[in-house]
Structures are given as C-alpha cells and as structure tokens.
Number of protein chains: 2
Amino acid sequence: MNSKSWLTALSEHGYRLTEARRAVVAIIHSSQRALTPLEVYDSARLAYPELGLVSVYRTLEKLEELNLIQRVHQPAGCQAFISSAEGHKHLLLCKRCGQVTFFEGDDLEPLIKSISRRTNYAISEHWLQLFGLCENCQKSGS
Amino acid sequence: MNSKSWLTALSEHGYRLTEARRAVVAIIHSSQRALTPLEVYDSARLAYPELGLVSVYRTLEKLEELNLIQRVHQPAGCQAFISSAEGHKHLLLCKRCGQVTFFEGDDLEPLIKSISRRTNYAISEHWLQLFGLCENCQKSGS
DNA sequence: TTCCTATTGAAAATCTTTTTCAATTATAAA
DNA sequence: TTTATAATTGAAAAAGATTTTCAATAGGAA
Ligand SMILES: [Mn+2]
Ligand SMILES: [Mn+2]
Ligand SMILES: [Zn+2]
Ligand SMILES: [Zn+2]
C-alpha cells in the first residue's frame, strides 16, 4: 500500500488533502520503525517547515481511526506509531534499533479455548508481540 | 504473597517503612484490577489523608523495581499497575470491569522458533495478552 | 472564480509526571 | 532511651505531553 492510497483514503472519508497532512503521511508511511508525534514533527518539518505539532497529532488521530497506522506499545513508552499491516498480523520489534517486522501464522486458538474454559471468560481479542535483535543488530556489538 | 511480605521486601532492599508506603501497598496489593497512580492516591487517602501524590509515584516506582507490581497496557491507556504474578504468566483482562486474571500454559516456542528462522531475529521476549468479558460481565447486559 | 467551511498554527489550557527543597521521621548506633 | 543521620515526605515549581480555543487561511465543490 503506497502513500498515495493513504491520501485517497483520507479524501474518501471527507478529509481534505492539505500540505500538513501530506507531510505527515509521507514521513510515517515510509518509516521502518515506530515514530512519536515529536519525531514525526521534526522529520516532516524538514520538507514542510510551516507544519505545526498540533497538526501532527490531528493527522495521526485520523490515520489511526482509518486503521492506516497503529500505536506501538513498548517498555520504554507507548506513544509511537507505525504503518499497519493488512490482515491479522503481529509485531516483532528489535530492542536495539527499533525496527518493526510484522509476522503471521500464530495459532492461538487452542490456547484461547483452553483459557476460556478454565476461566469462564468470553475471549474476543489478543495482543501478541515479540522482542529481540534484528539481523543487523546481532552483528554490531550489542 | 501477602501485603506484609511486600513491606519486608522493601525493607530488605534498604527502603524505610513509612506510613505513605504502607498506605500505597495496602491499596494496590489488594486490588483485583489495575489502578492508575491517581486511583491509588484517591483510595489510599481514605485511610491516610496526609498522603501526597508524589509519594504514590515514588512508591509505585520502587514496587515495580522489585517486581512486586507491573504496568498494564490497554487500548485506553498504559499508566495502570497491578500486583505481579509469580513465574511466567500472562494477563487476561475483562474489557468491561477491568478485572485482571493471570494464566499460564502458553507454549509459544514452536511459533517463536519459526518466526526466528523466517526473520533472522534473535527473539528473547514476548508479550501476550488476552481480552474478553469475565463471567459476571457476560451476565449483566454488556 | 466564488463561496463555504474544514483546517491550520499560535497560544493558552489541561493533564501527567518529575524535580526541588526545607521539614519530618525511620532506623541504627550510642 | 536518647541521639544522630540520612532517607523520606508533601508542597510547590518545573517539565512534558496532549488538547482546546480561536482568528486566519486554504481546499475543493459549484
Ligand atoms: Mn494472532
Ligand atoms: Mn502500552
Ligand atoms: Zn535492530
Ligand atoms: Zn468483568
């Protein structure tokens, strides 16, 4: 999914395509790691210096609402966002460089059924996230 | 693990046992759901009105450091804390009342090995969390 | 082009968390 | 018990993060 399709999605939902939004979309769409609002602001201002931090918050809010980005929870903090993957995927995060990789293929059904039986909960959602070192970061001294 | 053993643990690590700490420990130790610093403050002040919010933050910090409590991440926010379970356990959360239940018995090893092979990551940690409705909340109209 | 209103950025307001600091108090030593 | 000392406290200030307000601007339908 390219950056143009995000703009189309915004437009189709009645949101206007402004310079501020284009700048924010360009940055977060192309990032391999999760970015905080302030990081998005700093990067996007290189191309569009008039940008306000408020517009970054407002654009991230809309992108999240349209499921184009998602918040990433980490021990260090939970304010960063990354492009969403399509379909049911989970996150694998490099503890050193922050690179985000999506994976699929978890089969938690047996576990969920068993926990559900044991606890009498009606389970409807799950969060699974793996942490480690990416190939590059294993090479360079950790 | 009772609330007295938390005080012992604090003491054994060189921390003094003060009224403020006792009040915070009493509240968070006995809670079935994750509490924010402000919620701890409000509850604990009922028994000890001189308590300051700063001391709540400072005590939570120490309890987390000693692994007696842990931060709970939820869609609505990530500032709340709950007593830690012993051993390797994961969280099951009621989306309605917030009740926290720990479970074990996840076997993610095959998945982790497979993802590790596919991505060349050295995977060292995982977060797994289930969400649903507890028995009570299923009965009462959701 | 014109018109309407969604959107903007600056500034202020609000919330949350941390730091500073003088007074107090837990604890170990006498 | 009393004393000495350093950890701890709560108030206040500071720092940070996010949201709200508002007058000016600019996107896009007509
Ligand atoms: Mn899954
Ligand atoms: Mn989180
Ligand atoms: Zn890495
Ligand atoms: Zn419930």
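Just so you know, these numbers come straight off a predicted model, no measurement behind them. A, B, ... follow the sequence lines: proteins, then strands. Residue 1 opens every chain. The figures here come from the full heavy-atom set of this structure, side chains too, leaving out hydrogens, waters and symmetry mates.
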**Prompt:** How is Y41(B) classified with respect to the nucleic acid when contacts are heavy atoms under 4.0 Å: base, sugar-phosphate, or nothing?
**Reply:** nothing
Taken to the nearest whole Å, CZ/R58(B) to P/dT18(C) is 11 Å
Contacts of Y15(A) and S55(B) projected onto DNA chain D by closest heavy atom; the upstream (5') one is S55(B)
Comparing nearest nucleotides in DNA chain D, the 5'-proximal residue of the pair T18(B), V54(B) is T18(B)
From CG of L10(B) across to P of dA7(D) the rounded distance in Å is 16 Å
Ranking dA26(C), dT9(D), dT17(C) by distance to the side chain of R16(B), first place goes to dA26(C)
Closest non-hydrogen atoms of S124(B) and G132(A), given as atom of the first, atom of the second and distance, are OG-CA, 3.9 Å
In short, I69(A) meets L60(A) closest at the heavy-atom pair CD1-O, 3.5 Å
E39(A) CD to dA17(D) P, in whole Å, measures 11 Å
| So what does L17(B) hit on the nucleic acid, given a heavy-atom distance under 4.0 Å: a base, only sugar-phosphate, or nothing? | sugar-phosphate
Please confirm whether H73(B) and W127(A) have ring centers closer than 6.0 angstrom.
no
In whole angstroms, the gap separating C1' of dT18(C) from CG of L53(B) amounts to 11 Å
Worksheet item: Do R21(A) and dG27(D) have a side chain to base donor-acceptor pair shorter than 3.5 Å?
Response: no
| request: Look at the aromatic rings of H88(B) and H126(B) and report parallel, tilted or perpendicular, splitting at 30° and 60°. | output: perpendicular
From CG of L51(B) across to P of dT24(C) the rounded distance in Å is 18 Å
Q79(A) atom CD is separated from dT17(C) atom P, nearest whole Å, by 11 Å
When rounded to whole Å, the CD to C1' distance for the pair E12(A) and dG28(D) reads 16 Å
Which of dG10(D), dT18(D), dG9(C) is nearest the side chain of Y57(A)? It is dT18(D)
Ignoring hydrogens and geometry, is there a side-chain-to-backbone donor-acceptor pair from S114(A) to P110(A) under 3.5 Å? no
Per nearest nucleotide of DNA chain C, the residue lying toward the 5' end, S11(B) or T59(A), is T59(A)
note: E19(B), atom CD; dG10(D), atom P; distance rounded to Å ~ 10 Å
